[in-house]
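As structure tokens, the structure follows; a few thoughts come after it.
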Amino acid sequence: MESRQWQVGDVRITKIVERESRIPAGGPGLPGASLEELHAIDWLVPQWMDENDAFTTSVHSLLVETPDGRRIVVDTGIGNDKPRRIPSWNRMSTDFLERFERVWPRESVDIVLCTHLHVDHVGWNTMLVDGAWVPTFPNARHCFVRSEYEHWRVEAESPSGGYSDWANDMIDGVSVFRDSVEPVADAGLVTFVEADASITPDVRLMPTAGHTPGHVSVVIESRGERAVVAGDLFHFAAQIARPEWSSSLDHDPRESAVTRRAFLTEMAETGSLVFGSHLNGPTAGRIVPDGAGFVFRT
Ligand SMILES: [Zn+2]
């Protein structure tokens, strides 16, 4: 499995892929997008949509090393051994952690940032040891946005059922909170932060609610260069072309569409290097205005 590296000023970013897959386009993942409309976006094929009309997608972590030597993990994937309703994610077993540790020993991580607390962004917060979920990064401050944590804590106690069955199975909120979020809080490793918090002199959060109530993007600025990890503001590159297309996993699809357009407009204006949290291959690129939408230039 590939890993890629970028330099943003004095900050180094390394991608460790946990899993890449293909998802049929024109299906429940992006309900507003018909195949006909997708075919009209000529830059999607072959990188972001293949010849068989499947979106290419990735789950990965970004390892961010700042000039003051801080080691930050942005999003921690699905994890191993977790009981999940989605068959391909159920009790997964990958060599993700081995590959991660070729870059950094897990004990050396200082900070874990989760753009939001969904199943594929918190998984490696914990690992299974002697039948118990223990923190994978025992020396890291896990910075969770307070409103996001509160939302999922309440959801885990009494699920609101506000999603379709398909989305509920994907999100699996109760199990995820119990095995991948609560154990790090119980271990005293969580620092609650606001959605616009500064994390280090070079790294800060940017509120981008919609996909989840406390969803954030991560802004990295160093020596006049700027990179932004989008999180799940978009799952597929097609949503850059058509920002009005929201995912059926979005908590508030209308808010997500408004946030996505504002975000893409700002990224285009600032020439930021944008990292897609589920974009495979090149993963990062610039946003360029194109008619009513945008193009992703890698
Ligand atoms: Zn995700």
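The structure displayed is predicted, hence computed values, not measured ones. Just follow the structure's listing: the first ligand is 1, and inside any ligand the first atom is 1.
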Ring centroid separation His251 to His211 under 6.0 Å: no
Minimum-distance atom from the Zn ion (ligand 1) among N, O or S atoms of His121: NE2
Name of whichever N/O/S atom of His278 is nearest to the Zn ion (ligand 1): NE2
Gap separating the CG atom of Leu62 from the NZ atom of Lys15, nearest 0.5 angstrom: 8.5 Å
The Zn ion (ligand 1) - name of the N/O/S atom of Asp232 that sits closest to it: OD2
Pair Asp95 + Arg102, salt bridge at N-O below 4.0 Å: no
Lys82 charged N/C atom sitting above Trp133 aromatic ring, 6.0 Å / 45°: yes
Of all N/O/S atoms in Asp120, the name of the one nearest the Zn ion (ligand 1): OD2
